[in-house]
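Step one of this worksheet: look at the structure below.
Letters A, B, ... are given to chains in the order of the sequence lines, protein chains preceding strands, and every chain is numbered from 1.
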Amino acid sequence: MIRKITYTIFLSIIVATLILFFVAFPFGKNKMGVGKYYLNNDIKQTGAANVVTAVTLDYRGLDTLGEVTVLFAAAAGVSILFYLIDQDKKKRERQVYPNFIVRVGSRIIFPFILLFGSYIFIHGHLTPGGGFQGGSIIASGFLLLYLAYPGERVNRKKLAVTEGLAGLTFVVFGAIGIFTGAHSFLFNFFPKGTLNMLFSAGILPILYIAIGFKVGSEFAGIIDDMMCQTVCGGEK
Amino acid sequence: MIFYVGAFILIAVGLYAIIIKKNLVKIIIGLDLISSGTNLLIVSIGYVKGGTAPIFSHPGILPQMMVDPVPQALTLTAIVIGASELALAAAFVAILYKHYGTLDIRKVRGLKW
Amino acid sequence: MEKASKFNRYVFTVIVLYVSWILITATTRTDELIVGIIVSLLVAIGTYDYLSIQGLRHLSLKRLWFLVIYIPYYLWQVILANFDMAYRVLAPSMPIKPGFVIVHTDLKTDSGKLALANSITLTPGTLTMDVKDDKLLVHWIYVKDRTIEGATHEICGRFEGFLKVIFG
Amino acid sequence: MSTLNWIYLGIVSAGIILAVLRMIIGPDITNRVIGLDVLTTITIALFVFFALIFQRYIYIDVSLVYGLLAFIGVLVIARFIERGF
Amino acid sequence: MNMSLMVLLLTPFTGGILSYLGGKIHRSVRYTFAILFSSLTLVELFFYYNKPVNHFVLGKMFGSVMILQINPISWLFAFIVTTISLLAIIFSVNDMEGRGGLDFYYFELMVVEGAMLGITLAGDLLTFFLFWEIMSWTSYLLIIQGGNKSIKAGYKYIIMSIIGANSMLIAIAMIYGKIHTLVFRNVAMLLAASPHGFDIAIFVLFAIGFFVEAAVMPLHTWVSDAYSEAPSSVSSVLSGVLEKIGAYGLFVLLYALFGVSLLGKLMPLRFPSPTIMYTIGWFAGISIVVSTFLAILQEDAKKLLAYSSISQIGYVVLGISIGTSLGVAGGLFHALNHAIFKSLLFFTIGAVIYRTGTRNLSELGGLIKKMPVTFTGTLFGIIALAGVPPLNGFVSKWMIYEALLQKKEVFLLILALIGSTGSFLYVYRLIHSTFLGQLPEKFKDVKEVPFLMQIPIWLLSLGTIVFGIWPGLAMNVIARGEKFFGITPIKYNLYGFPGGNGMGSLKMINISSVFIAGLIVAYIIFALGAKTHRISQYDNYAAGQVVTKDTKYNYSYGFYMFFGRVVNPVFKWSADKIYLAWARSANVFGDYMRRIYTGNLETYSSYIVVIISLVGFLILLGGKIW
Amino acid sequence: MRIFFGYFLLYFGAAFLFLGAFGLIRLPDLYTRMQASTKSTTLGAFSSVLGVGILMPHWFVKCLVVAFFILLTAPVSSSALMRAGYKTGVPFDKKRTVVNKGKEFFSEKKEKEEGK
Amino acid sequence: MVNLTNPILLIAVPLFFVFLAAVIAPFSKRATKYLPPVAFLINLIITLYLIPQVAEKGVIVATTAGIKPPFAINIAVDGLGLSLAIIASLLGLIASLYNLKYITEEPQDKFNMLFLLLGTGITWMVITGDMFNLFVAFEVTSISAFGLVGFLRDKDSIEAGFKYLVMGSIGASLLLIGVVMLYAATGTLNMADIAEKIARFSFRQKLLPYSFIFTGLGIEGALFPLNAWLPDAHPAAPSSVSSILSGIMTTAAIYAIIRATVTVFNYSAITPFILLIALLTLVFGETSAFFQKDIKRMLAYSTIGQTGFFFFAFSLGSVQGMQGAFMQILNHSLSKAMLFLIAGAMITQVHSRNIDDFSGIGKKMKISSVFFAIGAFSLMGLPPFFGFWSKLTIIFATLAYTNFYTITLVVILLFMSVIEGAYFFRVMQSMFFGKLKEGTEIKEASPGLVVPFVILGIVILTLAIYPTPIIAVSKKIAVQLIHRAVYINAVLGGL
Ligand code: NA
Ligand code: NA
């Protein structure tokens with residue numbers, strides 16, 4: 001109890017300090033520095049209607065590369081941790097009887113989810129979506145399939161190749177920029193197109209599609225590992 | 001301001017959960033609370049009163065009307081990273097459960113000093 | 001109900017997906033249409049096996065026509081159901097008499113049974129919990145008839161006719 | 001116009017509060033999750049409503065994504081409730 | 001030629017590497033290289049005999065030049081280093097035969113030699129410290145060659161060495177912080193000009209380092225274990241050389257760094273008489289007496305020698321600390337002498353161990369007939385050690401007594417004399433228990449050691465005679481050294497000291513002649529007596545019992561038991577025990593300290609929260625954050 | 001007219017959204033609460049979204065997609081949740097509940113499953 | 001003109017190989033193990049190519065997206081960053097060569113990818129010029145490390161990995177909060193830009209964001225008392241991973257702290273506080289190492305101590321202090337990495353991590369033991385090894401002004417070095433002169449394990465023989481680091 005009170009006090013101090021700090025930067029007040037530059041130059045420099053996408057993939061594209069890398073690393077870590085269980089095929093054969101409604105419903109919804117996921121990452125430069133959201137949606141479609149058909153597994157080899165190729169696409173398209181006149185990684189060397197058209201913003205849609213595939217296959221891999229722990233009989 | 005305070009409280013509650021809670025699942029929920037709080041903080045930083053999403057979806061929208069795009073981009077990144085961490089943490093907890101047969105962190109004390 | 005051929009089902013899936021694409025994008029701009037067909041073709045490769053068994057047979061005019069009629073009827077039932085629900089929730093006496101009953105269905109296809117189950121869920125006083133072969137477990141907020149036959153009549157009667165046609 | 005919007009927001013917020021209340025009082029996890037389920041449905045509607053008041057078409061996509069993820073989330077939770085973790 | 005100083009320094013290192021590699025080909029190659037290169041070092045060194053000071057700039061480090069130099073004193077110590085090392089290498093050839101890792105052993109031996117040579121040649125503190133450290137850990141590697149027990153001893157040694165070296169390092173860093181150079185000359189200038197507290201601090205810090213290596217009490221505790229457990233040739237190097245390096249360090253500190261050219265006139269002016277120099281003198285005096293007593297009580301031949309070393313090095317330090325020209329010369333001379341006779345004794349005892357496999361005095365005895373050369377060497381060694389004329393130990397001790405008398409340091413003189421008397425007791429014990437008395441049955445077939453092992457014994461015995469009869473040979477170097485450091489040397493000639501100026505005269509040639517004449521007379525008497533019938537040791541009758549061969553009547557165990565009963569209670573409270581107690585309590589404390597790593601996640605995360613909230617608290621105390 | 005109809009749908013939806021949540025609080029057990037919440041909130045969201053679609057005719061198609069999405073998914077998740085609740089033995093209101101054929105339904109199924 | 005030595009290739013090339021590994025893994029898991037050495041070798045070559053450029057210009061800046069900083073993320077490589085990148089590539093190369101033989105457990109493909117990612121993340125951390133990008137790189141590093149720590153999946157690894165993950169995640173979040181505060185205050189994320197804009201803030205204003213960033217990085221950087229996870233996690237990983245974790249990863253985090261403190265915050269006023277932390281880190285690390293029976297755990301605690309040591313030198317704030325810090329970083333990285341590799345090789349023979357079981361193996365595993373001694377001597381700072389010069393530099397820097405305070409500091413430092421000597425000598429004694437356990441069949445590890453650490457040992461010996469140029473370079477690096485305007489101008493100069 002004393003512990004609880006003590007740490008509540010400690011944490012309150014932290015919260016109080018943080019609040020006092022942010023009093024200087026009140027909510028809703030414009031704190032933009034570089035952000036203003038992006039808003040003003042986005043159309044000219046990237047051609048992406050969605051400035052967030054321009055920031056995500058262009059100005060801060062290196063972050064995004066890092067982020068997909070982090071996800072990749074996490075997926076690899078998860079599959080390392082579940083590796084032995086994965087080998088345990090006997091347990092996997094134990095199936096669960098899923099809810100009929102869930103099973104059939106998932107089966108029917110699944111194609112639409114994939115379609116919708118693709119829609120999201122294809123329009124990443126125009127709408128709030130993007131590779132991550134699209135990818136997660138696709139992965140959630142796979143999750144749905146696991147709920148409907150426990151015991152069945154996605155083809156991990158295909159997933160691995162997909163994520164690898166998607167990653168390579170990102171890196172290679174980024175690296176091309178080094179060898180163009182700009183000597184700059186992730187330099188947007190494609191024509192920018194017309195604002196708000198599907199074919200605009202240079203390499204950004206390509207990158208986002210790559211990210212979509214990558215995120216989708218990575219999340220699907222994580223889900224596969226986790227579900228084989230739980231659905232396929234990882235329990236004691 | 002309420003968003004800020006909410007974010008800080010999320011962070012604090014997350015830390016509290018990690019320190020006080022004995023259940024491994026609650027601990028990783030604590031982790032998630034911290035990163036959610038941080039994400040909320042980042043988004044709140046970017047909000048500009050009266051601003052709109054930074055998307056030039058139709059001609060009437062001008063840069064001056066928009067909120068800061070940077071925090072949103074940062075949040076996207078932070079969310080994915082947080083999710084990665086969470087996935088890995090969940091995997092660790094699952095294996096810990098397999099080894100120890102319990103989710104009580106007090107039982108997971110093989111290493112010390 | 002025998003399975004349609006792979007190609008048949010694939011084409012059906014592509015059509016459905018393409019229509020959905022157009023609805024989602026809500027535009028008829030050329031670039032979207034072109035990308036849409038590509039995406040539909042690609043997505044259908046991986047998903048046609050899941051979407052349907054009967055393939056293009058779904059698209060017979062009769063079925064579509066029944067579908068078109070069924071939707072407003074169904075929506076009307078939904079609205080009725082909600083007023084019914086509102087009454088039960090808001091009335092001070094709370095007139096409920098809940099119970100779990102089993103109903104029987106003649107529908108053969110999975111998609112038909114799903115549609116029935118969903119319809120039951122959103123319509124007055126009933127909520128499907130699970131389906132097993134030709135039986136549905138339904139939670140009924142005001143049980144009028146405990147027998148399978150009676151309950152089936154009360155609950156399914158409204159929809160089965162339509163659904164038999166639409167989903168074969 | 002804006003008054004109408006505020007009233008709408010008020011009603012819906014009341015709904016949100018009730019749903020959150022159910023999430024808090026439980027008493028079991030299933031009850032909390034139906035609170036969550038209601039909350040997500042309300043949120044979808046709310047997103048679309050925000051699209052209206054902010055005049056941003058693209059928010060509808062957000063609601064769709066949100067709805068989809070929430071849907072799958074509830075299914076997963078239901079599965080875990082049923083079969084244990 | 002400046003470069004050659006570097007060549008001199010590199011010779012032993014090169015030899016070490018070559019003998020290491022050569023040993024991979026054949027062991028004879030290893031020995032050839034080792035002996036060749038250490039002889040070469042000695043030969044090269046003689047090129048610098050009586051040569052003007054040499055500077056060789058190694059390079060610049062931290063803005064301070066690193067210098068090699070040689071002066072008569074460094075030459076003297078370099079001479080000790082190279083000679084004893086060469087002899088140890090020769091001695092090891094047979095002594096270490098059959099052990100594993102010999103390539104490495106010879107490599108180590110030569111690296112230690114090189115490091116010590118480096119210390120003597122250093123012209124600045126950085127070079128000095130560099131080689132000092134190398135010497136510490138390489139000699140550690142030598143000590144632990146002796147097997148299981150030596151590991152513990154070596155561990156003690158290396159820990160104390162590191163402490164000593166670190167203490168020196170602090171002093172060096174303090175000096176560097178002031179003047180950003182570490183050349184002896186500049187440092188001396190700094191110390192001359194710096195305030196009083198600073199130089200005392202520097203002095204104490206250095207002294208700790210040197211005391212450890214020179215084994216001055218109370219920092220001697222590593223010695224007895226290390227010497228006795230290490231291989232004999234290593235012990236002789238350690239005792240003959242390593243301790244002298246400590247003494248050399250002390251000398252450099254006192255006379256080069258502190259630049260006390262005034263020391264020769266009176267008591268040092270920098271320190272009023274009763275302080276530093278005086279304190280050192282008392283340390284040395286106590287060291288002499290206490291370790292003499294300890295040596296008396298030892299059952300282990302090498303431990304006995306080890307404690308004796310502590311006591312003898314006390315004379316060296318005492319001499320140096322007296323500060324008069326005579327005292328300094330005596331100290332330095334005693335350093336040379338001690339190197340000679342103590343190495344000699346370690347070699348002879350090593351020879352005994354080589355043949356008998358034990359160093360327990362109570363197990364030995366009667367080896368005089370079996371190992372005559374070894375016996376002779378031991379005899380020379382103990383005579384020199386006991387300070388009996390005409391051998392070298394007498395001369396240097398005489399000089400120190402004389403210097404003490406001049407300074408009227410009666411108490412220190414008494415301590416020194418007690419030490420001298422005590423040393424009679426233990427050296428007698430040593431030779432008696434080993435060579436005289438009853439020969440145990442198991443050592444019936446013991447033979448003299450091989451010729452190669454006799455060489456060092458012969459040479460060192462010769463050394464005790466040479467420097468005893470002709471002290472002028474050494475005084476030549478020492479006097480030049482004293483001059484170099486600004487001390488007016490005393491008058492000397494080849495055979496001793498002419499005296500005068502309040503100092504008695506010493507003519508070693510006369511004393512020796514008397515002694516030799518006496519010896520001849522004694523021999524004649526003995527030879528006459530030898531005509532009597534020699535009976536077997538067992539041909540006797542003891543209290544009505546027939547003595548058989550397995551009866552041990554020569555009870556050399558508990559030789560000085562009566563004495564031990566008196567002294568033991570006093571030494572129970574030994575420095576070693578205090579260190580152990582410190583170590584133990586530090587251990588307990590550390591063990592508690594590390595318990596912050598509880599292994600509990602919640603504790604770990606709470607540290608984070610506590611830290612941040614502390615920062616937050618501090619900020620909040622200050623009021624506004626922004 | 002269009003605006004009126006749009007707002008009508010919006011408020012109609014809002015009312016049922018609230019009602020669903022209210023039922024969630026008022027009704028006695030999990031199952032009856034789900035009855036209320038599923039039906040009411042689905043209709044509420046459906047009509048609310050359609051209302052927006054009518055207010056903004058350009059958006060109508062998209063809103064229709066959202067609305068039908070809700071209509072399609074809500075029953076699925078509800079039935080999954082309810083089955084989960086039932087199977088884990090979430091208590092129902094014993095006083096009011098008149099019939100419980102669930103045991104019969106699921107036990108049959110279990111036999112079938114084991115028979116496979 | 002195509003610039004083949006764009007520093008961003010240090011990130012792009014290994015990532016290319018990581019994703020390539022993902023593509024080829026389904027076809028051949030074994031083949032993936034050849035990718036990390038190739039990638040690290042290319043990185044090493046690139047870094048060596050960059051040396052003359054950095055020497056000439058001081059700081060090389062590489063833009064992304066063709067936009068000049070501060071408007072896009074940029075890479076800024078200065079002397080310190082480049083040196084750490086070289087170390088990271090070198091250690092990565094050697095450890096991955098070691099892996100070829102060492103890693104026999106499955107899934108190898110994932111291991112190799114994560115291993116390469118770990119090295120990439122570390123390199124990334126030391127060359128990025130953007131605060132948020134630093135956070136991302138930090139995450140790349142730590143997420144890979146979490147997976148690698150749990151690689152063996154036994155009880156200890158999982159427990160250690162979980163603790164590490166929780167602590168690391170908290171740390172990352174704290175770092176992120178700190179970065180966000182900076183963004184709120186300055187509206188930019190570029191280090192140089194922040195550095196310029198933060199100049200107008202007072203000590204107190206900078207304190208909160210700094211303490212968040214410091215704490216966040218300090219968890220990974222093994223600073224007291226945030227380092228409690230480390231002695232569990234570093235030993236739990238396979239030895240090649242431990243060698244990277246201890247050798248360069250904690251250092252990378254310390255680098256980030258240094259970068260933040262000196263370049264971004266210009267926060268010399270904080271040094272007394274971090275000095276205290278460094279000292280406590282040193283004391284607790286060395287003391288705890290002394291009590292360890294497990295060799296890898298001992299080495300891990302020694303890492304804490306060493307980190308404290310060079311962080312202490314850094315916190316002195318003087319040129320000489322930073323020079324000493326850099327020298328000790330170099331020394332520690334090489335030596336500790338080698339020690340871990342050797343410990344791994346020994347463990348494959350002894351099948352135990354208990355120091356008592358290592359008794360006498362010096363006679364059987366001669367090469368390993370001798371190189372262990374070399375590493376230990378260098379780490380302890382015994383001459384003629386490079387550690388001697390760094391220790392000396394640090395002591396000199398501390399005693400630049402002799403007063404009671406500095407002497408106390410030095411006494412503590414040296415006392416800790418005595419303790420360090422105590423435990424290292426104890427291990428070596430037992431190795432070389434202890435009795436070999438009966439009935440054990442121990443022989444030298446296979447050449448596949450020996451050759452890599454011997455290469456590292458040769459580097460250490462080369463430094464021992466010829467330390468002067470590195471000492472000179474480290475002084476240059478220290479001077480450059482302290483003159484932060486050089487960095488800021490190089491990055492923002494194009495404006
Ligand atoms: Na995006
Ligand atoms: Na991003």
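Residue with the most contacts toward chain A among G/G161, G/A65, G/S142: G/A65 (heavy-atom pairs, distance under 4.5 Å). Of the listed residues (G/F132, G/F17, G/F146, G/F135), the greatest number of heavy-atom pairs within a distance under 4.5 Å of chain A belongs to G/F132. For the options A/L71, A/V55, A/T69, heavy-atom pairs under 4.5 Å to chain G are most numerous at A/T69. Chain G forms the most heavy-atom pairs under 4.5 Å with one residue out of A/N41, A/D58, A/L57, A/T162, and that residue is A/D58. The greatest number of non-hydrogen atom pairs below 4.5 Å with chain G, out of A/G167, A/G77, A/G174, is found for A/G167. Top candidate by heavy-atom pairs under 4.5 Å with chain A, chosen from G/D109, G/L189, G/N74, G/L118, is G/L189. For the options G/A72, G/A184, G/S157, G/G150, heavy-atom pairs under 4.5 Å to chain A are most numerous at G/A184. Contact tally against chain G (heavy-atom pairs below 4.5 Å) for A/G164, A/A175, A/G177: the top residue is A/G164.
Neither the backbone nor the side chain of A/K158 comes within contact range of chain G; no heavy atom of the residue lies under 4.5 Å from a heavy atom of that chain. Of the two parts of G/I75, only the side chain, counted from C-beta on, holds a non-hydrogen atom closer than 4.5 Å to a non-hydrogen atom of chain A. Contacts between G/F212 and chain A at a heavy-atom distance below 4.5 Å involve the side chain alone, from C-beta outward. Heavy atoms of G/V18 lying under 4.5 Å from chain A belong to its backbone as well as its side chain. For a residue to count as touching a neighbouring chain, one of its non-hydrogen atoms must lie under 4.5 Å from one of that chain's; by this rule A/L65 touches chain G with backbone and side chain alike. Contacts of A/V78 with chain G are absent, with no heavy-atom separation under 4.5 Å from either backbone or side chain. With a 4.5 Å cut-off on non-hydrogen atoms, A/V70 touches chain G through its backbone and its side chain both. Contacts between G/A12 and chain A at a heavy-atom distance below 4.5 Å involve backbone atoms as well as side-chain atoms.
Inter-residue side-chain proximity for G/F16 and A/V172 is flagged as met; some heavy-atom pair is nearer than 4.5 Å. Side-chain contact between A/L18 and G/M181: present, with at least one pair of heavy atoms (C-beta onward) separated by less than 4.5 Å. Within the 4.5 Å cutoff, the side chain of G/L114 has heavy atoms near those of the A/I80 side chain. Residues A/V161 and G/F27 are in side-chain contact: their nearest non-hydrogen atoms beyond the backbone lie under 4.5 Å apart. Between A/F72 and G/M113, some side-chain heavy-atom pair lies under the 4.5 Å cut-off. Annotation: side chain of A/L62 is in contact with side chain of G/I8 (closest heavy-atom distance under 4.5 Å). Side-chain contact check for G/I158 versus A/L81: some heavy-atom pair is nearer than 4.5 Å. A 4.5 Å side-chain heavy-atom check between A/E67 and G/V140 finds every atom pair outside the cut-off.
Atom OG1 of G/T128 is separated from atom CG of A/D63 by 8.0 Å, given to the nearest 0.5 angstrom. Taking OH of A/Y59 as the start and CG of G/D130 as the end, the distance is 15.0 Å to the nearest 0.5 Å. If you take CG on G/L208 and CG on A/L20, they are separated by 9.5 Å, rounding to the nearest 0.5 Å. Interatomic distance, A/F185 CZ to G/L9 CG, rounded to the nearest 0.5 Å: 8.5 Å.
Relative ring orientation between G/F71 and A/Y37 is described as parallel, the plane-to-plane angle staying below 30° on a 0-90° scale split at 30° and 60°.
Atom CZ of G/F203 has more than 12 neighbouring heavy atoms from other residues, nucleotides or ligands inside a 6.0 Å radius. Summarising the local packing, CZ of G/R30 is surrounded by 12 or fewer heavy atoms from other residues, nucleotides or ligands at distances under 6.0 Å. A 6.0 Å sphere centred on CZ of G/F265 holds more than 12 heavy atoms belonging to other residues, nucleotides or ligands.
The six-membered or imidazole ring of G/F19 lies away from that of A/F170, with a centre-to-centre distance of 6.0 Å or more.
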- In sequence, state the C-alpha distance, the side-chain angles, and the governing distance for G/N190 and A/V34, and then conclude on side-chain contact (heavy atoms from CB on, under 4.5 Å). CA-CA 9 Å; G/N190 184 291; A/V34 285; over 6 Å; no
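What you find for G/W124 and A/G66 is that their closest heavy atoms are CH2-CA, 3.3 Å. The minimum heavy-atom distance linking A/A73 with G/L117 is given by the pair CB-CD1, 3.7 Å.
Side chain of A/Y83 to main chain of G/F151: no donor-acceptor pair is present (N/O by atom type, distance under 3.5 Å, no hydrogens or angles).
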